[in-house]
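Written below as structure tokens is the structure these notes are about.
Quick note on labels: first sequence line is chain A, next is B, and so on, each numbered from 1.
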Amino acid sequence: MMLFALIILPLVGAVLAWLFESAIPKSAKWISVVTSLLGVLLAGTLWKNSEEWRAPWFPQWGIEWYFALDGLSFVLLLLVFVMTILASFSVDRFELKQPGLFHALLLSTSSGVIGVLLSMDLFVFFVFWELMLVPVYVMCFAWGGKNKNFATIQFFIMTQVSGLFLLASILLWVFVYHTQTGVYTFDYWQLLENPLDSTWGYWVLFGFLVAFLVKLPAFPFHVWLPPLLAEAPVAPLLIAVMVKTGAYGLLRFVCPLLEMGFVAFTPYLIVLGVIGIVYGAVLAFAQTDSRKVLAYSTLSHMGFILLGILSQEEFAFSGVVVLLVTQALSTGALLMLFSHIEAQTHELDMKKIGGLFKVLPSLTVFSLILIMASIGLPGLGNFIGEWLVLLGIIHGSNVVAICAATSLVLSAIYSLWLVQRLFFGPLQGVSSLIDLSKSQIVIFTSVIVLLVSIGLYPAPLLDIVASSWQSEGVE
Amino acid sequence: MFSIISLLVTALFLLLSAAFVRSEMRAFVFALLGVLTSLALSTDFESRLILVSATVILFLSREFLSRYREVHEEFYASLVISVAGALTMIGSQDFITFFVGLELMTVPLYGMIAYFGVRERSLEAAVKYLVLAGISVAFLLFGIALLYAQLHSLRFDMMVQEVGNAGPLLLMGFAFIVVGIGFKLSLAPFHFWTPDVYQGAPLPVTAYLTTVSKAAVAIFFLRFLTLFEGELISGWYSVLSLMAIVSMLIGNCLALTQKDVSRFLAYSSIAHMGYIVVAFLCSGTLRTDAVLFYLLAYASSSLLAFSSIQADRKIPLVLALMSLMGLPLTAGFMAKFHILSAAFENEQWNLIAALIMSSCLGVYAYLHMALTTMQAPAQKNSARDPWALVWVLALATIALGVCPLAV
């Protein structure tokens, strides 16, 4: 029951935020923050008890509300709550119309993502997978920037179409299981017990892969990400709260299938990963809009993560999760910093503005630290993740590891180029800007503290994550 | 049976009372009472589905007709008679009853579509429907005649016994019947009447065409297929599946460019009928469940769409469009899920692939229409909008999505 409460909690907060905003201005943000903090506490207590929860829904199909919490879900869950808190603070500077509705939708998105992270019944997973996007669509349409129609429609179509493939895969798996055992069930662990024979297995894998690769995003399904990230003020939320579900899906659902032996796709996926790394990096270097630099840098890092997932090594999986967490924190926080700039200048094009260090000193400092994090500077969390992933990949293949390691070099190139153009150099395009407020400094400092603590003392995080590999029996 | 009688009695009362004193309110109340009595007397799920849809349409018509100054007893009477025809058709056990029911359902529709004639440019739609329905009914009759020639009976139970020793004209008879039914269900390639009629007819009549008319024919066809399981199916399976695939793809493709909501809903209904035929082509118990639930979900989403168009409310319309598209937690998603499950069970891979492809196309089509709706300027609506109705239907759509009753 309490796991279901974890999903319902943000929804309750959403309703409260919407209702209270008209009565007490600015309350929506605090309601959202408090709800997320409560969620963190609730998740922490539930983790001690290591629960699962079942309730019947459609017994004739074997569908039930089945939620379970393990290390992987727990870590990503905490990440969702933290990013929701960050996102609530990030929209301060914008003059949002109807902020109550905005925060309500933000909380609904996090509720949907939590549903995705917790559900172990494939039907419920699919329902939440589709539903978590609905508030995102509404937010993009209502509060998007100049190009919102095109960006949102493209995102909608790509995710819905990939969702249809996911549905077909799920149904195929369920019906193959039914023909072999005569039982209808959508329970994931039960379905895994029955080995799929090769033709069906590849179709099932195909559907899952399409859905998760679009969400990751992986080359060539990444086209929705850059335009969408340019839509302020929604941008930080997307990359932070929602995008990690693609990697989660791959870890949770695709890895066991790969273990069953359906590895024919793996070489092609490795190629896609490597192309993603290089392509993302090259394009990131070429962008003039700072947010698009971050979008392509995400693509590049996700290519790296894809390679980590494909290596099928426990080290790499832990590294992937660490990377997900730290990359969400660092890139999300960077996007929020950029939003702060954009709220005042309405412009993030580096041809038009530059040399911001002179007017925004504290923002520049934070940006620099976060950029160092995303490059993978030792001492910050991302380095741990990258190192573990490379360790895992080298076990499998040296060549792939070399290609993956290029990501470290390339990310340094485009990130430093971004910093140079945006923050250093001659001041242009702006006169005087408001720097970060005290509360924002506190928030970004806490993000950096988190990153540093993961970087210097990753053991707790790694232990929590590793427990889920052991229980799954991944070798 | 009694439900039909009560409906016909109501219609009779309505028309007779109109001879004495004309009153819109009395006509509406009579019609409503008649339909509700009929609902109380009805015994099976299919009749109830049709009667509940008819009730909703009655309310819609009341609101729609209140915008015009004359009294419209004939409209209510035609509606009631048409529903009686629909019930006759789905309850029929032989072809004569079926035919009488079909005509009883269709002929008042000619009048209802043309009701506002030149004023609302419905005449073109009505003439198209009349001519094409007439031609398709002629095909249907000829098919029935061929079946009679082969099977020596018009009663379904006796026909089934004779099927084994029938000649080649059986398949041809069946083909003609499929033509007739395909027209009524607006399957490709018999779908050309749908957009023009949907656009030209008054809104409640369009709603009636979408829900009751198609549902009744679909239910009859379902019963027919269940009876003639096996013998006839193998013969025309490929034809029906081709029709289904083409309908699904054409419906959603052509919907992509529409700007008018009624035409859009017409094309979407072509696609949805394609989905239902996919369910028809499966065998076993899953088929009945899938088809009936699909009809229920489709009726609820369409009625929601039409009533929100009439009430000029955008959000319920977007909800209806999302339900028709198949967003999870709506009725339309559960319906598609049922059909996909039935198709997977029967291993109809071509149909599944076509369904998925057309749903992908549909995603963009419905999204585009939803966006156009949301971004259209708000219009002043003078009449009393049936907002209660709209919200009830919206709830029903979501409820069906969350906890569909075992059909």
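Using a 4.5 Å cut-off between heavy atoms, A/L131 contacts chain B through its side chain alone, with no backbone atom that close. Neither the backbone nor the side chain of B/I352 comes within less than 4.5 Å of any heavy atom of chain A. In this structure, no portion of A/I170 lies under 4.5 Å from any heavy atom of chain B. In this structure, the portion of A/V134 lying under 4.5 Å from any heavy atom of chain B is its side chain and not its backbone.
Screening A/L167, A/L164, A/L172 against B/L340 for a side-chain contact (heavy atoms from CB on, under 4.5 Å) leaves a single residue, A/L167.
A parallel orientation is assigned to the rings of A/F126 and B/F333, their planes being inclined by less than 30° (bins at 30° and 60°). Taking the six-membered ring for Trp and thresholds of 30 and 60 degrees, A/F186 and B/F337 have ring planes inclined between 30 and 60 degrees apart.
Scanning residues 241-261 of chain B against chain A with a 4.5 Å heavy-atom cutoff picks out nothing at all. Residues from residues 355-366 of chain B that place a non-hydrogen atom less than 4.5 Å from a non-hydrogen atom of chain A comprise B/I356, B/S359, B/C360, B/V363, B/Y364, given in numerical order.
Applying the 6.0 Å contact sphere to OH of A/Y137 captures more than 12 heavy atoms from other residues, nucleotides or ligands.
Comparing A/N149, A/T179, A/V174 by heavy-atom pairs within less than 4.5 Å of chain B, the highest count is held by A/N149.
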